[in-house]
Amino acid sequence: MAILRVALDVPLNTLFDYLAPDTEITAQDVGARVLVPFGRNMMTGVIMEVTAYSSVPSPKLKHAAHIFRDVPPLPEGLIALFRFCSEYYHHPLGEVVMNGLPNRLRSNKPFTRKVPSACQYGLTLTGRKADTSIIPARHIVKHRLLARLRESRVMSISDAKQLSPRAPKALNELITLGWIEEIPFAHPATPVPAAQALQIPVLTTDQRNAVDVIAPEIGEFNTWLLHGVTGSGKTEVYLRLISLVLRQARQTLVLVPEINLTPQLEAVFRARFPTLRLVSLHSGLSPSERAAGWLQAQEGAAEIVLGTRLAVFTPLPKLGLIIVDEEQDASFKQQDGLRYSARDVAIFRAKQAGVPVILGSATPSLESHYNAVTGRYLRLRLSSRAVKNAALPVVRCIDTRAAKTKESFSPPVISALERCLALNQQSLVFINRRGYAPVLLCKSCGWAATCERCASRLVVHLRDKRLRCHHCGHQERFPNVCPECGDQDVVPFGHGTQRVEAALAEYFPGARIMRIDRDSTSRKDAWQHMLRDIHEQRVDILVGTQILAKGHDFPKLSLVSILNSDASLFSTDFRASERLFAQLMQVAGRAGRAGIPGEVLIQTEFPDHPLYHALRQHDYDLLAQTLLEERKTAGFPPFVYQALLRAEAPKIDTALGFLTSAVAVAKALGEIEVFDPVPAQMARLKGMERAYLLVQSGSRKKLQAFLGAWRTKLDALPSRKVRWTVDVDPMDF
DNA sequence: AGCACGCCGACT
DNA sequence: GTCGGCGTGCTC
């Protein structure tokens with residue numbers, strides 16, 4: 001009787017053996033999903049191996065209930081990728097495998113592919129004449145659907161879903177009522193491309209060079225670092241290479257950071273390749289849609305798979321190229337569960353598949369930069385802007401020790417904004433802090449509002465008169481008096497986007513000001529509408545957080561002011577400068593992209609800091625060299641390889657106690673540098689106390705070997721009330 | 001992780 | 001006398 005070795009979504013570092021449900025089991029079934037009894041439940045897992053014998057005593061073995069043959073089994077390569085991740089990140093294989101599957105395929109129910117809805121919806125005669133007031137006013141979705149249909153006659157299911165996620169249900173009820181009917185599509189939804197949409201831009205010398213160098217290497221593994229200043233046209237290089245890959249009938253995987261950038265890039269791809277079969281895996285998809293896209297990729301039908309970090313686990317039988325855009329972005333590292341770096345997994349995957357991987361960035365991570373310096377990655381530079389006459393913006397520092405700020409603004413920034421307004425040009429004010437003020441203080445006793453579940457200050461949101469924790473989402477009412485001393489003098493301290501917006505409104509009563517942060521863009525489609533307003537010049541001054549920094553072109557923008565970024569200069573996090581630099585380069589890059597000369601003003605108390613110096617010169621390499629030297633002296637990555645043992649417990653001493661015994665175990669294993677356990681930066685989060693222990697080594701191999709042995713020993717350690725995980729190549733401390 | 005079993009305090 | 005607390009141990 002064949003034995004199935006099954007990966008299950010449980011935090012145990014083992015596969016589970018089952019007797020095959022019938023005799024028709026072959027090696028073909030490796031990679032298939034399987035329904036098995038586990039404990040007292042049924043669970044869905046993936047068959048990792050089919051063997052003849054099991055080391056589990058036979059009375060314990062149960063029969064698998066059912067092998068799903070609704071979708072093809074996972075390809076061998078993907079299983080190998082999962083095994084690699086499990087080993088490298090020291091995370092249970094079952095969790096890695098199940099984490100990689102779309103949710104819909106993790107369930108115990110077979111997958112039935114829904115025929116993509118080939119119809120639109122329109123009003124019936126009854127519906128057109130009907131009195132909508134007989135529908136209760138609280139059925140907002142129904143009213144909106146009807147109103148929209150009276151306007152536009154027809155709408156597709158996706159139009160309806162844009163109105164509300166509950167629209168399908170409302171539609172069905174209205175169909176039952178006889179007000180709405182299904183209208184079959186006359187034509188497939190593929191729009192005929194306008195001739196001018198296909199105009200292909202002429203490449204700059206740098207772009208041409210990059211394409212010419214990479215093109216002959218398609219079909220071979222190499223890691224390319226496409227290092228291009230903001231606005232240098234990295235996307236155009238991607239497009240040229242993708243078109244080569246398309247011609248070979250192979251698939252391209254494009255990974256993007258976790259922001260609403262996916263639709264932008266999707267539109268660019270569709271405009272260039274009108275008949276392209278593209279699957280976009282973003283957070284807005286329903287489980288069925290995601291599974292459907294995933295299957296199209298697995299069947300080789302999708303030519304491009306575009307998505308955020310999870311997309312790195314999409315099965316791609318005809319993979320020809322991987323692109324990781326904005327490779328330095330922190331969102332490629334998952335911060336819970338399997339703590340993988342999608343960028344690093346992508347590189348492994350490219351190597352495994354024998355295809356090139358392109359890491360694109362204006363400000364590469366120091367790790368990638370170093371790999372390019374040592375020759376492990378091949379760097380290609382795009383050093384000029386792609387749009388004719390678009391020069392890099394002039395960057396100036398405003399010394400706020402000399403030019404005193406009032407409500408966050410120094411006189412030079414105010415006059416620059418005035419100038420911009422007079423010239424009818426747009427300007428951007430960057431302050432990376434949401435809310436009105438980052439802290440609420442009592443002037444009398446020094447009390448500050450803090451989150452009861454986290455070790456964080458509550459942020460003042462004046463608009464809704466509430467205090468909010470930006471770490472756990474907790475919110476409470478704004479106190480009228482200090483809860484400590486009863487004094488009435490509780491005041492917001494410091495500046496966030498809302499306060500800056502209010503100050504600007506005072507300075508420039510006539511200006512059209514728009515605030516752009518997670519609060520103002522959280523409503524569905526809000527950001528899209530705001531983008532349109534910006535493009536159509538209905539806005540003079542944009543105030544916002546890093547959400548503004550990424551990927552968007554604002555052609556009319558000529559001035560960028562950065563109000564308050566000094567805090568990150570002297571952070572305890574050794575990666576803070578690198579991140580700040582990347583962020584400021586990105587924001588600065590928003591200015592002057594379409595021929596208007598751009599200007600960037602940075603308010604700082606440390607205008608002589610090397611970071612600002614490099615920024616003024618647009619000199620990434622200069623700063624990278626400085627930072628690398630610092631890291632080398634201090635013994636930080638990329639000169640060492642690190643891992644964290646993270647522990648959390650209701651009481652900090654429990655976590656620290658566990659870590660202390662882990663230190664003893666680690667020291668006994670030897671050959672590795674072990675640091676003392678310390679409380680995490682955000683020591684308390686969501687009611688849990690957190691601490692970590694850092695280990696590092698100059699050799700990745702040694703670190704890996706150590707982690708394997710260490711983890712086995714840690715599993716045996718008593719860990720009452722403590723939850724612990726290993727974080728390889730940690731990004732957050 | 002779930003989910004059992006299992007042994008000690010405040011309630012009908 | 002029971003209901004229920006979460007400590008410990010197992011899941012093929």
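Only this structure's heavy atoms are used, side chains among them; waters, hydrogens and symmetry mates stay out. So you know, we letter chains A, B, ... as the sequences are listed, proteins then strands, and number each from 1.
- Between the CG atom of A/Leu8 and the P atom of B/dG2 there is a distance of 13 Å, rounded to whole Å.
- Of the possible donor and acceptor atoms, none in the side chain of A/Arg434 sits under 3.5 Å from a partner among the backbone N and O of A/Asp517.
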(request) Take A/Lys169 and A/Glu173 through the salt bridge (charged side-chain N to carboxylate O under 4.0 Å, His left out) test and state the conclusion after the steps. (result) CA-CA 6 Å; A/Lys169 193 165 169 278; A/Glu173 288 174 28; 3.3 Å; yes
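- For the segment residues 31-46 of chain A, residues with any heavy atom less than 4.0 angstrom from an atom of DNA chain B are, sorted by number, A/Arg40, A/Asn41.
- Listed here is the closest heavy atom pair of A/Thr654 and A/Arg720: CG2-O, 3.9 Å.
- Proximity of A/Leu74 to A/Leu101: side-chain heavy atoms (C-beta onward) are separated by under 4.5 Å at one or more points.
- If you measure from atom CD of A/Glu95 to atom C1' of B/dG2, you get 12 Å, rounded to the nearest angstrom.
- Here chain A contacts DNA chain C (any atom closer than 4.0 Å to a heavy atom, that is under 4.0 Å), and the contacts span C/dT8 to C/dC12 from 5' to 3'.
- Nucleic acid contact for A/Arg5: none, since no nucleic acid atom lies under 4.0 Å from a heavy atom of the residue.
- Atom OG of A/Ser365 and atom CG of A/Leu359 lie 8.0 Å apart (nearest 0.5 Å).
- Geometric assessment of A/Arg343 against the ring of A/Phe332 yields a negative cation-pi assignment under the 6.0 Å and 45° thresholds.
- When atom types are taken as modelled, the side chain of A/Ser107 and the backbone of A/Asn103 share no donor-acceptor pair closer than 3.5 angstrom.
- In this pair, A/Phe84 and A/Phe348 present their aromatic rings parallel. The plane angle is below 30°, not in the 30 to 60° band.
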